[in-house]
Amino acid sequence: MSHTVVQDKLPQDPAAAIRAVVARIPAGSVASYGEIAQRAGLPRRARLVGKVLRDTPDGVRLPWHRVLRSDGRIAFAPRTAPFREQRARLIEEGVRVLSGKVDLARYGWDRNLDAALWAPPVSESSSKRSRR
DNA sequence: CAGGTGACCTCTG
DNA sequence: GCAGAGGCCACCT
């Protein structure tokens with residue numbers, strides 16, 4: 001045994017990076033495939049995200065259900081088993097799913113960050129809401 | 001090694 | 001809102 005250079009592991013496991021990002025999606029929030037790819041340092045590789053999730057065997061705890069298409073729709077075809085499972089999991093987390101679609105403006109991961117930054121004094125300029 | 005595939009994305013009409 | 005078209009890129013046949 002003297003020929004191997006032992007460079008088995010890739011310096012940047014794309015799959016590992018993707019799974020790491022997916023694992024960080026906060027419960028009750030969602031993110032798009034493209035967003036995951038970007039956060040994993042793999043711009044334009046949204047399809048790879050899909051493949052990684054697909055290849056991820058059952059038993060591996062990973063919040064794959066928090067990953068949606070860029071428009072907030074569940075990637076699976078409606079009425080299929082995986083579609084229903086994803087929808088159920090989301091609803092279980094308090095995420096509203098209407099017609100297989102999630103409101104990204106409300107549940108998006110980015111949105112969460114934004115919300116944190118907004119850190120609003122919560123006061124409506126317009127007295128639309130009759131406070132008090 | 002060429003062509004097909006896909007848990008995608010974006011732009012047009 | 002729906003339908004097409006092109007682009008994208010790692011994998012699989």
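Chain A is the first sequence line, chain B the second, and so forth, proteins listed ahead of strands; every chain is numbered from 1. Not measured: the values here are computed from a predicted model.
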NZ/NE/NH1/NH2 to OD/OE distance under 4.0 Å, A:Asp71 and A:Arg73: yes

Salt bridge check: are A:Arg39 and A:Glu35 linked by an N-O gap of less than 4.0 Å? yes

Under 4.0 Å between a side-chain N or O of A:Ser32 and OP1 or OP2 of B:dC8? no

Is any side-chain nitrogen or oxygen of A:Arg54 closer than 4.0 Å to OP1 or OP2 of B:dG6? no

Whole angstrom is fine here: how far is it from [atom1] in [X] over to [atom2] in [N]?
X: A:Asp71; N: B:dC11; atom1: CG; atom2: C1'; result: 14 Å
X: A:Arg73; N: B:dT10; atom1: CZ; atom2: P; result: 13 Å
X: A:Gln38; N: B:dC8; atom1: CD; atom2: C1'; result: 14 Å
X: A:Leu48; N: C:dC9; atom1: CG; atom2: P; result: 12 Å
X: A:Tyr33; N: B:dT10; atom1: OH; atom2: C1'; result: 17 Å

Kindly check if the number of other-residue, nucleotide or ligand heavy atoms within 6.0 Å of CD (A:Glu93) is above 12? yes

With nearest nucleotides of DNA chain C determined for A:Lys101 and A:Arg47 from heavy-atom distances, which residue corresponds to the more 5′ nucleotide? A:Lys101

Nearest nucleotide by nearest heavy atom, which residue falls closer to the 5' end of DNA chain C, A:Asp55 or A:Arg44? A:Arg44

Measure the spacing between CZ of A:Arg66 and CZ of A:Arg89 and express it to the nearest 0.5 Å. 9.0 Å

Nucleotide nearest A:Arg45 when distance is taken to its side chain, options B:dC9, C:dA10, C:dC12: C:dA10

Tell me which nucleotide among C:dC12, B:dA7, B:dC8 gets nearest to the side chain of A:Ala46. B:dC8

For A:Arg69, report the nucleic acid contact type (base, sugar-phosphate, nothing); a contact means any heavy atom under 4.0 Å. sugar-phosphate

